[in-house]
Amino acid sequence: MERYNFLESEARWQKAWADAGSFAVETDPSRPKYYVLEMFPYPSGKLHVGHVRNYTMGDVVTRFKRARGFNVLHPMGWDAFGLPAENAAIASGGHPATWTYDNIATMGQQLKSIGLAYDWRREIATCHPEYYRHEQKMFLDFLQAGLAYRKESWVNWDPVEHTVLANEQVIEGRGWRSGALVEKRLLSQWFLKITDFAEDLLHGIETLDRWPDRVRVMQANWIGRSEGARVFFDLVGDGFDGEQLEVFTTRPDTLFGAAFCAISANHPIARKLAEQDAEIAAFNADCNRIGTSEAAIETAEKLGLRTRIEIKHPLKPGETLPLYIANFVLMEYGTGAIFGCPAHDQRDLDFANKYGLPVIPVVRAADGPVPEITTEAFTTTDGVLVNSEFLDGLSVAQAKTAIIDRLDTAGIGRRTIQYRLRDWGVSRQRYWGCPIPVIHCAVCGIVPVPAKDLPVKLPDDVSFDQPGNPLDRHPTWKHVDCPSCGAKARRETDTFDTFFESSWYFARFCSPRSEQAFERRDVDYWLPVDQYIGGIEHAILHLLYSRFFVRALRHCGYLDVAEPFAGLFTQGMVCHQTYQNAQGQWLYPEDVVTTDDGRTLDRAGEPVTVGRLEKMSKSRKNVVGLEAICETYGADTARLFLLSDSPPERDLEWTSSGIEGIWRYVNRLFRLVVDHLGQAAPIGTPAAGASESRRLLHKTIAALTDDLENFRFNRGVARLRELSNHLEDKISALEPASIREALDTIVVLLGPMMPHLAEELWCLLGHDDLLVDQSWPVAQDDLLRDDTVTYAIQVNGKLRGTIELARDIAEEDARTVALSQAAVERALEGRPVRKVIVVPNRLINVVG
RNA sequence: GAGGACGUGGUGGAACUGGUAGACACAUCAGACUUAAAAUCUGAAGACUUCGGUCGUGCGGGUUCGAUUCCCGCCGUCCUCACCA
């Protein structure tokens with residue numbers, strides 16, 4: 001039996017596409033464009049089959065849109081800065097650059113081996129100075145525009161590694177690598193003013209109608225807009241007479257129920273008090289130690305320390321409230337200070353009960369009495385105000401307006417909109433990142449590196465034999481003369497957060513070799529990205545930072561688009577079973593065998609525990625190598641498997657029986673064409689008639705087109721199988737012209753998913769041009785509708801039979817036919833017919 | 001605590017806008033070919049059934065001629081954010 005020789009074929013067609021420059025594109029405003037982009041990878045080593053699902057999806061979209069006449073930009077590059085390279089350098093003594101470029105070479109080769117339609121001329125790596133020089137310039141422009149600034153900020157400090165840790169690198173209060181207790185430290189760092197765009201970023205979400213709802217919801221929650229008021233309280237006592245405390249609240253209507261105020265341990269007042277008071281200093285230190293892990297928050301007791309400062313109630317002359325320092329008040333949100341109204345906030349109530357503070361209800365249900373409050377706060381907001389002087393009788397909403405007006409008039413408060421979103425801290429105390437282009441001068445302060453001196457390149461001669469940042473202890477690199485006054489000065493040794501690079505790479509792909517960050521003409525044409533594809537794990541940070549960057553770049557005159565990604569698709573993960581031996585060590589799937597009697601053993605014959613389905617990951621060893629699959633089954637088989645069965649947004653289970661099934665199908669397709677080549681009419685012979693096969697062919701064209709437009713690859717595969725199942729059965733009976741049409745068409749339809757096989761078959765069918773340049777078939781309308789339709793016959797909504805009727809039959813006739821059915825009569829059991837519902841071309845329901 | 005998603009045969013899933021539930025596969029079983037196996041091909045199959053049918057889309061209600069689909073209330077699984085004032 002003839003088998004498809006994928007090894008030979010795949011290499012040949014990949015070369016043919018490369019030689020023809022099939023996927024090389026240029027800016028061409030005379031043609032409609034389409035920009036397809038998969039989130040570019042971090043070059044971490046080697047790809048496994050789990051990595052390539054989203055690239056395959058992007059490739060299908062690319063080839064499909066090309067066939068539909070679009071000028072398609074589909075580039076690939078490398079998010080090449082980041083910690084793993086430094087970790088590898090520390091572990092093995094190499095250089096991060098060597099490690100990174102080696103991985104890029106390996107992974108690039110792997111991507112090429114599965115035939116992805118990239119314009120490889122546009123490949124970029126963000127660790128290359130030709131890339132990062134432009135973001136240094138952007139930073140300087142941001143600085144000039146007031147979008148970048150420096151401030152002190154609390155960071156997670158690992159005292160063993162001498163470095164700052166990201167929140168996710170802190171596990172149960174300890175450094176993920178060193179295991180040392182993490183300290184909170186105040187460091188001076190660079191920030192980007194993403195909060196300037198909070199409102200615009202929030203509004204912009206509404207325009208992103210081709211984004212998944214859940215990502216839009218996540219972004220909106222992250223921005224976290226809340227309306228409320230800022231209120232200024234006068235302080236008395238402990239030397240603070242005449243000073244004010246600024247508080248943010250979303251419930252200004254409950255001000256008459258206020259029982260206390262509380263400030264964060266990091267609030268300036270708390271820090272000032274700590275200077276003279278050991279007890280307060282100790283309490284503040286405790287607060288900073290607790291950390292922000294979930295477990296810590298769940299279990300941490302709400303603690304407060306009463307200060308000697310009292311707060312004057314702004315609307316109750318003569319009345320004062322105590323001021324506490326409390327461990328649950330965050331300096332990072334609002335003003336770092338709150339007022340507590342125990343009657344209407346559960347946490348405030350718990351706090352009041354603990355410290356014996358009064359509980360004054362100020363809201364009652366619209367139709368209820370003033371609530372008795374003991375342990376449950378009354379948090380309903382559709383109530384009416386009581387105990388609140390001029391607010392009494394107003395609704396909560398009315399009271400909010402009324403009290404803000406009053407506070408505003410008195411100059412002690414104003415309406416405010418507060419965002420949860422905080423400015424983006426971009427400083428990292430790391431080597432393998434883009435140097436922040438500023439110089440610290442004792443005389444001039446912070447001096448930007450002049451544009452002519454860019455890029456500030458990373459030095460190559462660094463060592464990782466000591467903890468900390470190699471840039472900081474490099475013998476010469478950081479010592480420079482001040483560009484402003486010429487005095488001895490010091491370079492900034494921090495580098496950018498690597499999210500900085502990924503916030504604008506999609507624009508660089510438009511003009512990858514430009515001396516500018518990108519050319520205006522190119523980004524005007526290509527942006528926004530029409531279809532972005534990536535993991536849900538980037539739902540917030542990467543996507544939000546990119547949206548911010550586009551706004552900041554527009555502000556600085558770089559470009560003129562509103563949003564970076566018009567369409568977003570978040571694909572599911574590829575999962576595989578996990579295996580562990582008796583010692584609890586993870587095993588690779590290829591080292592596990594299943595015996596005939598169903599036992600699972602390792603190579604040595606020892607029993608293996610089969611674990612749950614998990615996302616493919618190196619750490620659990622439940623990975624299937626890309627090379628192994630490509631050598632055994634070929635790239636097309638792997639690609640089709642990744643597109644079959646599971647909807648693309650859901651997780652997919654990789655199984656050996658699944659890949660076997662696809663492999664069988666690939667060979668059936670091959671035989672379908674090869675076995676009937678001889679029966680086909682010459683190329684270009686028009687097919688005619690309305691045979692069942694032609695109808696199915698054209699219905700498949702229409703349905704598959706729709707499926708591919710809407711990311712329903714699994715359904716598209718099912719349709720192709722329906723068509724090929726049918727043709728296997730019926731093709732020999734067709735006229736030569738219909739055979740030609742059927743074979744040519746199905747091969748073109750296969751193209752986006754299985755490009756090598758399709759190209760091979762196209763060639764075998766006698767064409768001397770490339771399939772990749774063929775246009776997508778258009779369904780013939782008159783073949784999409786059948787002359788007869790199968791009606792469902794129901795009695796009281798239950799199916800009693802089906803019947804073939806002419807399309808668009810008169811309702812009266814349909815009715816008559818249905819009522820004459822024996823099954824209908826039987827099901828009616830003698831009851832009279834009360835009503836007959838006819839849904840045209842679908843069903844007839846007899847009600848009796 | 002706040003917000004969101006999902007729940008269909010043994011398994012993955014399909015079902016347009018409320019209109020024949022289970023397309024297409026995987027696994028299974030039976031048969032053909034074979035000395036045998038593999039490969040390949042053909043066929044069967046939601047469950048129960050007295051073979052007339054009955055029941056079936058997590059559970060309980062509701063709307064409707066008709067509900068996997070819409071509404072209400074539960075149960076379960078998963079995700080995101082989380083001391084957010």
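Order of the sequence lines sets the chain letters (A, B, ...), proteins ahead of strands, with each chain counted from 1.
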Hey, is G9(B) sitting syn or anti, using the within-90° cutoff around 0?
->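 Classified syn.
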Syn/anti state of G66(B) by chi, 90° boundary around 0 =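 G66(B): anti.
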Rounded to the nearest Å, what distance is computed from the [atom1] atom of residue [X] to the [atom2] atom of nucleotide [N]?
X: N841(A); N: U17(B); atom1: CG; atom2: C1'; answer: 16 Å
X: R719(A); N: A25(B); atom1: CZ; atom2: P; answer: 13 Å
X: L421(A); N: C81(B); atom1: CG; atom2: C1'; answer: 14 Å
X: M573(A); N: C78(B); atom1: CE; atom2: P; answer: 13 Å
X: K354(A); N: C83(B); atom1: NZ; atom2: P; answer: 19 Å
X: H344(A); N: A85(B); atom1: NE2; atom2: C1'; answer: 15 Å
X: Q346(A); N: A85(B); atom1: CD; atom2: P; answer: 15 Å
X: N266(A); N: C83(B); atom1: CG; atom2: P; answer: 14 Å

Heavy-atom protein contacts under 4.0 Å, nucleotides 2-12 of chain B, coded B base, S sugar-phosphate only, - none = -S--------B
Please list, chain by chain and in numerical order, all residues satisfying salt bridge (charged side-chain N to carboxylate O under 4.0 Å, His left out) with R251(A), sequence neighbours excluded.
->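 For R251(A) the salt bridge (charged side-chain N to carboxylate O under 4.0 Å, His left out) partners, ignoring immediate neighbours, are D253(A).
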Ignoring backbone atoms, establish whether [X] has a side-chain N or O less than 4.0 Å from OP1 or OP2 of [N].
X: K798(A); N: G53(B); result: no
X: R712(A); N: A14(B); result: no
X: K835(A); N: C65(B); result: yes

Looking only at the aromatic ring of each residue, does the gap between the centers of [Y] and [X] stay below 6.0 angstrom?
X: W222(A); Y: Y419(A); value: no
X: F328(A); Y: F351(A); value: yes
X: Y324(A); Y: Y355(A); value: yes
X: W654(A); Y: F641(A); value: yes

What is the nucleic acid contact for [X], judged by heavy atoms within less than 4.0 Å: base, sugar-phosphate only, or nothing?
X: R664(A); result: sugar-phosphate
X: R230(A); result: nothing
X: R422(A); result: base
X: G661(A); result: sugar-phosphate
X: D345(A); result: nothing
X: N845(A); result: base
X: R842(A); result: base
X: V717(A); result: nothing
X: T790(A); result: base

Measuring only the [atom1] atom in each nucleotide, how far is [N] from [M]? A whole number of Å is fine.
N: G9(B); M: C48(B); atom1: C1'; answer: 14 Å
N: A5(B); M: A85(B); atom1: C1'; answer: 29 Å
N: G61(B); M: A67(B); atom1: P; answer: 14 Å
N: U69(B); M: G56(B); atom1: P; answer: 14 Å
N: C51(B); M: U34(B); atom1: C1'; answer: 39 Å
N: U57(B); M: C70(B); atom1: C1'; answer: 16 Å
N: C6(B); M: G10(B); atom1: P; answer: 23 Å
N: G52(B); M: A36(B); atom1: C1'; answer: 48 Å

Nucleotide of [options] approaching [X] most closely (side-chain heavy atoms):
X: R668(A); options: A27(B), C41(B), A85(B); result: C41(B)
X: L799(A); options: A21(B), C83(B), A27(B); result: A21(B)
X: A718(A); options: A23(B), A85(B), G66(B); result: A23(B)
X: I837(A); options: U40(B), C84(B), G19(B); result: G19(B)
X: R721(A); options: A82(B), C65(B), C24(B); result: C24(B)

So which nucleotide does [N] pair with, by the Watson-Crick or G-U wobble rule with both distances under 3.5 Å?
N: G1(B); answer: C81(B)
N: A37(B); answer: none
N: G10(B); answer: C26(B)

Atom CZ of R210(A) with >12 non-hydrogen neighbours under 6.0 angstrom |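 Yes - once you tally the heavy atoms of other residues, nucleotides and ligands closer than 6.0 Å, there are more than 12.
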Would the number of heavy atoms belonging to other residues, nucleotides or ligands and lying under 6.0 Å from CD of Q346(A) be above 12?
->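 Yes, because the 6.0 Å sphere around CD of Q346(A) holds more than 12 heavy atoms from other groups.
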Any side-chain donor-acceptor pair under 3.5 Å between D808(A) and N841(A)?
->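 Present: a donor and an acceptor within the cut-off.
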Verify the distance criterion only: is there a donor paired with an acceptor across the side chains of E246(A) and T335(A) at less than 3.5 Å?
->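 No, T335(A) and E246(A) have no side-chain donor paired with an acceptor closer than 3.5 Å.
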Cation over ring face, R721(A) and Y665(A), 6.0 Å, 45° =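 Because its charged atom sits under 6.0 Å from the ring centre and within 45° of the axis, R721(A) does stack over Y665(A).
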Closer to the 5' end of RNA chain B via nearest nucleotide, is it F339(A) or V846(A)?
->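 Comparing both residues, the 5'-ward one is V846(A).
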Please step through salt bridge (charged side-chain N to carboxylate O under 4.0 Å, His left out) for the pair R225(A) and E199(A), ending with a clear verdict.
-> CA-CA 8 Å; R225(A) 183 183 197 272; E199(A) 195 64 36; 3.1 Å; yes
